[in-house]
Each structure stands twice: as C-alpha cells, then as structure tokens.
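Residue numbers start at 1 and run along the sequence shown.
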Amino acid sequence: MLFMDFARCCEKLEGTSGRLDMIDIIAAELPGLTDEELPVFVRFVMGRIFADWSSRKLGIGPNLLYEATGAVAGIPKEKVVAKVNKTGDVGRAVEELLSVKSQMTFFHEELDLVHVYTSLIAIAEMEGKKSQREKLLAARRLLGNAHPLEGRYLARIMLEELRIGVGEGSVREAVARAFGVDSSLVEHAQQALNDMGEVARLAKIGPAALADVKITLFHPVRMMLAQQGKIEGMVEENGEVAAEFKYDGSRFQFHKKGNWARLYSRRLEDVTGALPDVIQQLLAATDHDVILDGEVIAIKNEKPMPFQSVLRRFRRRHDIAEAQEAIAMVPNVFDILYLDGETLIDLPLATRRKRLESVVKFYVAPQVTSNDPAVIAKTYEDALAAGHEGIMIKVPSSPYTPGQRGKNWVKIKPEVDTLDLAVIGAEWGEGKRAHVFGSFLVACQDAGKLVPLSRVATGFSDEQLAEVYEILKDQVIKTTGKEVTLEPVLVFEVGYAELQASQNYAGGYALRFPRFIRLRDDKDITDIETIEGIRERYRRQVNSAQAYQT
C-alpha cells in the first residue's frame, strides 16, 4: 500500500462524522492489505506507531518536527510555528508548507506504508549524543518525499496523535467485519495481546487463531480499572463481595520467567531499573512463572507515604541505591493473570485469588469477603486508619478484563469527587508565576477525540507548576496571545464540587470549583475519563439531588 492511499483513507475518515460509516471505511481497506501492511495500517489509523504493550517512543516532539518541516520547506522554524498558530493544526500546517515546496520541486520518491513504518522504527532506535541530529535528518528525508496530503498525516503520526476520531472500538468492529469474525473474539484477543495490529493479522487467519491467543510474558497487558461506587449498592447487587485496601501508590505488573523478571508501570513502561528492590522482593515471593498485578507503596516509619514519593522512585534513573535507603518500597499483590504457561484472565476472581495465594508466599494484599455491609464498612475504616486511600470492592465471580472500567471493581474513598483528565492547553501565569503556565485546559475522551471539560487554575504549589512546566514546555504546538495548545502527554487528577451542564465546553459539561489534586504521570491519555462516564456521573448527581429534595 502506498502511503498516499493511506493518507486518502485518513482524509475520508476525517471528513466522516458517523461511527458506523467510519467502521465501513476501515473495514473496506483491510482485506486487500498484505500480512506485513495490515498491522501497520491498523496501528497508524489509531494514531500509533508501536504495539500498545511496547514502551518505545519515537522521540520526535513538536520542536524537532517544526525544524524538520522548516528545512524541507526552506523557511525558518519560526515561520513554521507561525503557520501552526494560524491553522491550529500541525498536520494542516505541514500540508500547506509542503504545497509551496511541491510547486518548486518535481521529484518525490513515492512513500510506501511499510517503508514509512520501518523508517519510524529506525528513528525510535536512534540513541546517544547525536541522536537528535540523526532524528532530525531522518524526519527531513521522510517529509522531503511526502506529498502535501501525506505530510498532513505523517506529521500527526510522528507526534502519535492522528486526530481523525478513530477509537479502538471502531477499529475492533472494522476488523471483525472485514474478516467475518465475532467482535467478542477480537476484543478478547486484544485484551490478551495488547496490540490491535497483531490482532488484525490473526483475524485474517480466522476465528481459531483469535481464540488461541494467550497472554505473553514480557508483553504487558492493560490493567483492569475501577469506577466509583458505594458499599451498600455493591452488596445489594452482588451479595458476597471481596474488599481490599486501596493503596495510595502506583500500579505495577510483574512478569517473571525463571530468574528473569521485569516490572511495568500503569502506562506499561518498563521500570525495572528504577525499582530493583521491588524486583528482588517479588522474585523471592514465588518460584513460579507468573504475571502479577499489584500496587507498590512507599513506607517510612511504618506508615505509608504520599503517592508522589512513589512516583519519584518510578521516575528515577540515577542514584537508585541511595533512594532505596531513604524510602522503603513495598509491593502489594492482589491479582494473578498468568501462571506457568496458563492465561488466567477468564477465570473468576475467587479462583484467581486461590491460585495467587497458593503460589505467592509474601506481599499478597489482604482481602475480606462478606455479604454484610457492616463488615465491608469496617474494612473501609481500617484502611483509612492505616493511612490508605480507602478500599476496592470486587465481584468474586468476575473475570479480569484488561483496560476495562466497569462495575465489577469499584473504589470507595472519602467523598471528594475527582476525575483523571488530559492536559490539552495552558495559559501563562502572572506575577511571580509569569515564567510558567498558571492555568490549564483539561479534557476527557470521546471515541478517539479529546473533548475540553474545564480550566484548572487552583491547587498548585510553585514547585508543582515548575515541574509541570518542565514536562510541557516542549509540547507546545500553538500559541495565541497568552494561551498555548499542547500535545496531550500529561494527565491531571482534578477535584471538583459538582458537574454542571454547560455550553462553554464542547462536551456539554463543566466542573464547578475545579482544583488540581495531583499529577498522574503514571497514567496514559487512554486512561482518562470518557464523556460517557461524565454523563453517568451527572445523571447520578441529578438523581441524588432529586432524592434529597423529596
């Protein structure tokens, strides 16, 4: 497949608003692709280069892309920035600038879809002191051979933000339709493989290939998620439930085969090097080949420390031994996904728990099972007294559903409503904060698109604003006066008093008294709240208010 054909498909998708129509467009393209092209097309159309389980990054930010575009178009980087500011879209800015270049030159080496992919893989593998220069030259070569329309989508793919509204659910349905397989098989295979490109290749082979998928060691899967709930509601709906402490730490996934082990963060990044002490603790806890799900907390003077203490260790790349002495890191394991070659995610939680307790000798998180709300409430009080966030309540009969947020796991915390939202814009601060961003535009997700929900300007310390600025300063893609548009790379946990219906933001809702709670750089943009979740929260809020009035 030529990259131009891919670009035309993306242009068609970008101009299509109906989800079913988008599924039809994608499904029509898939059967004609080769086995080599199919995984690449599927990842690219979702705005991704690498498999979801991979922690590899391309390493091209907006500034490097602007510089490469300027070199190809024969203009200074500042003019590229001005064009981006005018169009409000990196892809369309690159397209316009390449249109001018195309009128001046007559030679293009046709870009092939797989060639573009292998070129991007080569860019990702560039390391060392000269890597930025090498990445720049490689990006220039790709853009130099790109026709204007190709440039629109090539630029967006380089930033891994295609912005055509194609979500994983739409691609899943398109794969199922294209190859005549059940979408539930596609979904289950994606949960185990965490790579929709590879899932599409298996779907082309047939349903048996999808059904035979198993979790693979050292290919991390997404972690199962929880929604908010209440003790009484969970017991009333399910009878006996399992309650576990909700730790104020950071999720991990531990993979072990023999004496070889790796540790992955919630974002599926390999953090083995930063947490050798946790690796050694878990290696000593089991003699089996396993994939374990858990949460690591920081302990000092026998008390759990705040979440940020854990994050500092996850981020650390130097002076690890010194950090180990300062703060003890303790893993708490609460689930098992894989045991000695067997995938366990389809088994009920109660069965997985028995397997876990039989093969892991230490660090298994305590669990209380009961159908008595008073017993669960006592567990909640014990958790708070011990310095933890609250409790998790889980349905004993439920499977482990990677990446899914549903009613089988609910979190019970003190009554402070919070949302995990993506940072998509900012405004420069004033006074002593004039050198950093002082307020931020945050968004939820809706079928592959980010929908603005609120501005957040309170709750930050000067140190936190400085930290956020260091992360975001190279992610600016547009500047309009004091406001900037940012590549969505960061997640905030935002507290609020209530949700309000509002036409001021595209999603139709706004947050009353939004307040920054903490930085969630352990979470990926795909982990943020959905617009469906916002609607459900608003519905519950309205119903609760009506019940109170009566």
Quiz item: Are the aromatic rings of Phe440 and Phe492 close, with centres under 6.0 Å apart?
Solution: yes
Salt bridge flag under 4.0 Å for residues [X] and [Y]:
{"X": "Arg251", "Y": "Asp527", "result": "no"}
{"X": "Arg433", "Y": "Glu430", "result": "no"}
{"X": "Arg48", "Y": "Glu160", "result": "no"}
{"X": "Arg43", "Y": "Asp195", "result": "yes"}
{"X": "Arg535", "Y": "Glu529", "result": "no"}

State whether a side-chain donor-acceptor pair under 3.5 Å links [X] with [Y].
{"X": "Glu498", "Y": "Tyr538", "result": "no"}
{"X": "Thr418", "Y": "Glu493", "result": "yes"}
{"X": "Tyr496", "Y": "Arg537", "result": "yes"}

Self-check item: Verdict with reasoning, Thr69 to Leu143, per side-chain contact (heavy atoms from CB on, under 4.5 Å)
Solution: CA-CA 7 Å; Thr69 303; Leu143 291 169; 3.7 Å; yes
Quiz prompt | Quiz item: cation-pi between Lys394 and Phe334, 6.0 Å / 45° | solution = yes
Quiz item: Does Lys482 count as lying over the ring of Trp428, i.e. NZ or CZ under 6.0 Å from the six-ring centre, within 45 degrees of the axis?
Solution: no
Quiz item: Who are the salt bridge (charged side-chain N to carboxylate O under 4.0 Å, His left out) partners of Glu536, not counting sequence neighbours?
Solution: Arg539, Arg540
Quiz prompt | Set of residues satisfying salt bridge (charged side-chain N to carboxylate O under 4.0 Å, His left out) with respect to Arg455, sequence neighbours excluded | solution = Glu483
Quiz item: Take atom NZ in Lys411; do more than 12 heavy atoms of anything else shown fall under 6.0 Å from it?
Solution: yes
Quiz item: side chain to side chain donor-acceptor pair (under 3.5 Å) with Asp89: which of Arg163, Arg156, Lys478?
Solution: Arg156
Quiz prompt | Those residues that, when tested against Ser54, pass side-chain contact (heavy atoms from CB on, under 4.5 Å) (two or more places apart) | solution = Phe50, Arg56
Quiz item: With respect to Ile525, which candidate in Asp420, Leu450, Leu490, Val489 satisfies the side chain to side chain contact (heavy atoms under 4.5 Å, CB included) definition?
Solution: Leu450
Exercise. Report yes if some heavy atom in the side chain of His219 is under 4.5 Å from a heavy atom in the side chain of Asn194; otherwise report no.
Key: no
